[in-house]
Amino acid sequence: TLAEKFGVSRTPVREVMQELQSQGLLEPVGSRGKRVRRITPEEVRELFWLRSVLEPPIANRLATIGIANADAERIRKLLVTQQEALERGDRAAFLTADSNFHILLAQLTGFPKVTEIITNLRNVFQIVGLTAITKLGRLREVIDEHQRIVEAILRRDPVEAERAVRLHLEHTEEIVMERLGAEDGR
């Protein structure tokens with residue numbers, strides 16, 4: 001069906017599906033089908049724990065070493081992209097900009113392994129992100145939280161930058177866990 005829809009042969013579709021499965025985003029269904037993998041509450045806690053170990057020090061480092069004006073502009077453009085996605089009601093574009101925001105901060109550390117790990121976490125986190133943004137008003141909150149992170153980095157305030165990331169992650173985790181509990185009928 002996907003091959004027909006995109007006007008390509010089955011081979012590239014099969015390869016993409018295998019790659020998405022190897023990244024933990026899809027799971028097999030039946031003998032030939034695949035679906036977006038459901039993430040358990042335990043996996044969500046682990047994802048947030050990993051993010052809480054990595055992302056606050058990333059913000060701390062950026063605030064400590066400072067960032068170039070061109071990089072600050074790239075970050076601001078991502079915030080504008082999120083705002084535009086919010087205004088259009090385009091949740092997919094919002095989540096893409098959200099991932100790009102977190103990945104860009106990792107890239108700006110100059111540590112390729114950190115960037116690779118954050119990118120992998122963000123790929124899996126896309127599934128969780130859909131749950132987080134179903135709360136009314138959450139998209140606006142995310143933009144505000146990102147703005148506080150950026151402001152602290154640009155002020156070169158490593159303590160506040162780290163704190164802003166921690167609060168952002170804690171708030172998002174709380175919402176996701178609440179939503180997962182509601183989905184499970186708890």
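Everything quoted here is computed from the prediction, not taken from an experiment. We're numbering straight along the sequence, starting at 1.
Atom NE2 of residue H102 and atom CZ of residue R51 lie 5.0 Å apart, to the nearest 0.5 angstrom. R45 contributes atom CZ, which lies 8.5 Å from atom OG1 of T40 (distance to the nearest 0.5 angstrom). Rounded to the nearest 0.5 angstrom, L105 CG and Q107 CD are separated by 9.5 Å. The CG atom of N60 lies 13.5 Å from the CD atom of E55; values are rounded to the nearest 0.5 Å. Once rounded to the nearest 0.5 Å, the distance linking CD of E15 with OG1 of T11 reads 6.5 Å. To the nearest 0.5 angstrom, F94 atom CZ is 11.5 Å from R88 atom CZ.
Side-chain N/O atoms of T172 and R138 include a donor and acceptor closer than 3.5 Å. Of the N and O atoms on the side chains of T96 and N100, not one donor lies less than 3.5 Å from an acceptor on the other residue. Side-chain contact annotation: E84 with T81, donor-acceptor N/O pair under 3.5 Å absent.
Screening R140, Q147, H146 for a side-chain hydrogen bond (donor to acceptor under 3.5 Å, both in side chains) with D144, the sole residue that qualifies is R140. Put simply, the residue from M177, H171, E178 that forms a side-chain contact (heavy atoms from CB on, under 4.5 Å) with I175 is H171.
Closest non-hydrogen pair, P12 versus S9, comes out as CD-OG, 3.0 Å. Scanning both residues, E162 and A59, for their nearest heavy atoms gives N-CB, 4.3 Å. Across all their heavy atoms, R74 and L108 have their closest contact at NH1-CD2, 4.3 Å. Of all heavy-atom pairs spanning P56 and V165, the tightest one is N-CG1, 3.7 Å. For the residue pair T109 and L62, the shortest heavy atom distance occurs at N-CD2, 3.8 Å. Minimum interatomic distance between F101 and I75 (heavy atoms only, all atoms of both residues): CE1-CG2, 3.7 Å.
The side chain to side chain contact (heavy atoms under 4.5 Å, CB included) check on L54 picks up I117, I118, L121, with sequence neighbours excluded.
Counted within 6.0 Å of CD on E87, heavy atoms from surrounding residues, nucleotides or ligands total more than 12; the atom is thus considered enclosed. More than 12 heavy atoms of other residues, nucleotides or ligands shown are found within 6.0 angstrom of CZ on R156. The number of heavy atoms from other shown groups lying within 6.0 Å of CD (E151) is above 12.
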Pair E170, R166 - check salt bridge (charged side-chain N to carboxylate O under 4.0 Å, His left out), show working. CA-CA 6 Å; E170 288 169 6; R166 284 192 194 289; over 6 Å; no
Given salt bridge (charged side-chain N to carboxylate O under 4.0 Å, His left out), test R163 with E160 step by step and report yes or no. CA-CA 5 Å; R163 188 178 88 70; E160 182 55 30; 3.0 Å; yes
